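Only one structure is covered here, and it is reproduced in the block below.
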Amino acid sequence: MKKRLFSGIQPSGELHIGNYLGAIQNWTRYLDDYECIYSIVDYHSLTIPYDHQAMPERILNLAMMLLACGLTPERCVLFRQSDVLEHTALSWILSCMTTINYLERMIQYKEKAEQHGAPNIGLFSYPILQSADILLYRAGTVPVGEDQLQHLELSRDVARKFNLRVESDYFPEPQALLTPARRVLGLDGKQKMSKSLGNHIALADDEATITQKMKRAVTDTRRMRRSDPGEPNDCNVFSWHGFFSSEAEREDIAPRCRSAEIGCMDCKKILIQNMNAQLEPIRERYAEWASKPAEVEEILHEGARKARTIAQETLREVHALLGLQHQY
Ligand code: TYM
């Protein structure tokens with residue numbers, strides 16, 4: 001039997017190359033080796049202010065993009081979190097095994113609380129819901145970017161506490177699966193690429209938009225003039241070549257950057273070309289999925305049906321282990 005893998009993504013805007021390189025690429029790489037379950041985690045998105053009228057379209061667009069990346073129903077389960085109510089039920093149970101102290105240490109909570117002010121309880125207990133997402137499917141492997149490592153550490157702690165309480169090894173301790181692009185920086189070359197910071201290149205961006213955005217991509221900041229020598233290892237644009245260009249191209253560019261033979265614009269042009277070549281097929285498949293929204297909705301429904309079957313079984317077993325009754 002294949003081992004089970006779970007991951008989730010928030011419908012908080014456009015899918016960007018940080019999500020893609022840091023997580024979604026791994027979501028697609030392991031489709032054959034694992035039983036893969038992926039969720040659009042809309043309940044998580046309620047923790048910060050959002051436009052409720054735009055939400056249905058955001059969810060659908062994200063589903064279309066994930067399908068375009070290759071996460072098709074023949075190969076994995078793709079569903080919307082709020083379609084499977086067991087996530088919140090397990091979250092409550094796990095919250096009774098999590099200390100406030102531990103949650104207070106969460107970096108993302110601190111950052112978001114500062115950004116949005118007057119944090120709500122959902123934002124605070126967010127990592128418990130994330131643990132429930134994973135443990136509901138008893139998944140041992142979770143492909144994510146680096147920013148989720150602390151949350152995964154908490155999910156291991158929660159699993160351990162549950163197991164101790166019921167004297168069993170019922171839940172596995174979920175392990176993160178990282179890509180080499182575990183933390184992709186944004187166009188500013190300083191902060192993590194993120195939808196909310198607007199420093200991103202979206203997977204849906206066409207070549208003209210990528211070209212436009214790349215103009216403001218920060219390179220080696222010490223390279224002020226075309227004639228200044230550059231240092232590729234200190235250049236975010238060069239690091240992106242690592243994700244889109246061949247080794248031969250990188251080996252060609254690096255010394256020519258150091259000798260100032262090649263300028264930042266030339267270097268960006270090669271990157272744009274390679275990036276576009278990789279993203280164009282995804283955009284094309286996205287356009288195809290976008291032309292059949294009813295089919296995409298149906299895929300999410302079917303995904304939820306499959307997820308629910310597993311989720312209900314887990315909850316039944318969890319209730320039994322805790323000495324609770326379960327009627328369904
Ligand atoms: P989210 O929606 O912010 O991001 C989705 C995935 O993309 C990764 N990622 C990045 N990786 C590298 N560089 C970046 N700049 C970058 N930006 C985003 C994230 O690490 C993530 O893997 N809490 C999660 C969603 C979630 C979840 C789960 C994940 C809810 N339940 C259960 C795994 C398992 C989040 O907000 O991801």
Side-chain angles (χ1 to χ4, degrees), residues 4-30 36-48 50 58-59 62-63 65-66 69 71 79-82 84 87-88 90-91 94 106-109 111-112 115 122-123 125-156 158-159 172 174-203 236 239-240 242-243 307 311:
R4 201 173 279 154
L5 175 156
F6 179 93
S7 201
I9 181 164
Q10 292 196 56
S12 44
E14 296 173 304
L15 197 66
H16 54 70
I17 61 170
N19 301 129
Y20 180 66
L21 300 167
I24 312 296
Q25 257 189 354
N26 261 354
W27 292 20
T28 63
R29 274 186 195 131
Y30 294 93
C36 297
I37 304 179
Y38 298 124
S39 183
I40 295 175
V41 291
D42 49 355
Y43 270 161
H44 282 267
S45 298
L46 308 187
T47 54
I48 53 171
Y50 73 100
R58 278 189 169 186
I59 292 173
L62 178 55
M65 194 46 102
L66 293 173
C69 289
L71 304 170
F79 74 102
R80 183 172 28 213
Q81 183 188 32
S82 61
V84 182
H87 285 249
T88 44
L90 184 60
S91 181
L94 300 180
M106 294 296 118
I107 295 166
Q108 276 204 354
Y109 166 69
E111 281 173 0
K112 290 199 175 165
Q115 253 174 15
L123 190 66
S125 61
Y126 178 113
I128 305 178
L129 181 58
Q130 181 160 347
S131 303
D133 297 340
I134 303 164
L135 297 177
L136 198 50
Y137 303 96
R138 301 173 74 193
T141 308
V142 187
V144 283
E146 187 182 81
D147 59 354
Q148 298 303 316
L149 290 183
Q150 199 186 24
H151 290 165
L152 279 196
E153 201 181 307
L154 182 135
S155 74
R156 283 193 290 279
V158 170
Q175 305 298 324
L177 189 64
L178 296 166
T179 72
R182 52 197 284 166
R183 185 169 185 267
V184 179
L185 297 183
L187 290 161
D188 53 14
K190 278 199 193 115
Q191 307 191 75
K192 187 187 79 170
M193 183 176 287
S194 141
K195 303 153 232 192
S196 57
L197 294 172
N199 63 358
H200 66 287
I201 291 186
L203 274 196
N236 189 39
S239 81
W240 288 4
F243 312 132

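Whatever order the structure lists them in is the order used to number ligands and atoms, beginning at 1. The basis for the numbers below is simple: all heavy atoms, side chains too, and nothing from hydrogens, waters or symmetry mates. These numbers come from a predicted model, not from an experiment.
Near ligand 1, residues Phe6, Ser7, Gly8, Ile9, Gln10, His16, Gly18, Asn19, Gly22, Ala23, Val41, His44, Tyr126, Gln130, Asp133, Ile134, Val142, Val144, Gly145, Asp147, Gln148, Ala181, Arg182, Arg183, Val184, Lys192, Met193, Lys195 each place a heavy atom inside the 4.0 Å sphere around the ligand atoms.
Residues satisfying the salt bridge (charged side-chain N to carboxylate O under 4.0 Å, His left out) criterion with Asp42, sequence neighbours excluded, are absent altogether. With sequence neighbours left out, the salt bridge (charged side-chain N to carboxylate O under 4.0 Å, His left out) criterion links Arg156 to no other residue. Lys190 pairs by the salt bridge (charged side-chain N to carboxylate O under 4.0 Å, His left out) definition with nothing, not counting sequence neighbours.
Between Pro127 and the choices Gln150, His151, Gln108, the side chain to side chain contact (heavy atoms under 4.5 Å, CB included) rule is met once, by His151. Exactly one of Leu5, Leu66, Thr179, Asn19 qualifies for a side chain to side chain contact (heavy atoms under 4.5 Å, CB included) with Trp27. That residue is Leu66.
Under the 30°/60° scheme for interplanar angles, the aromatic rings of Phe6 and His87 are found to be tilted.
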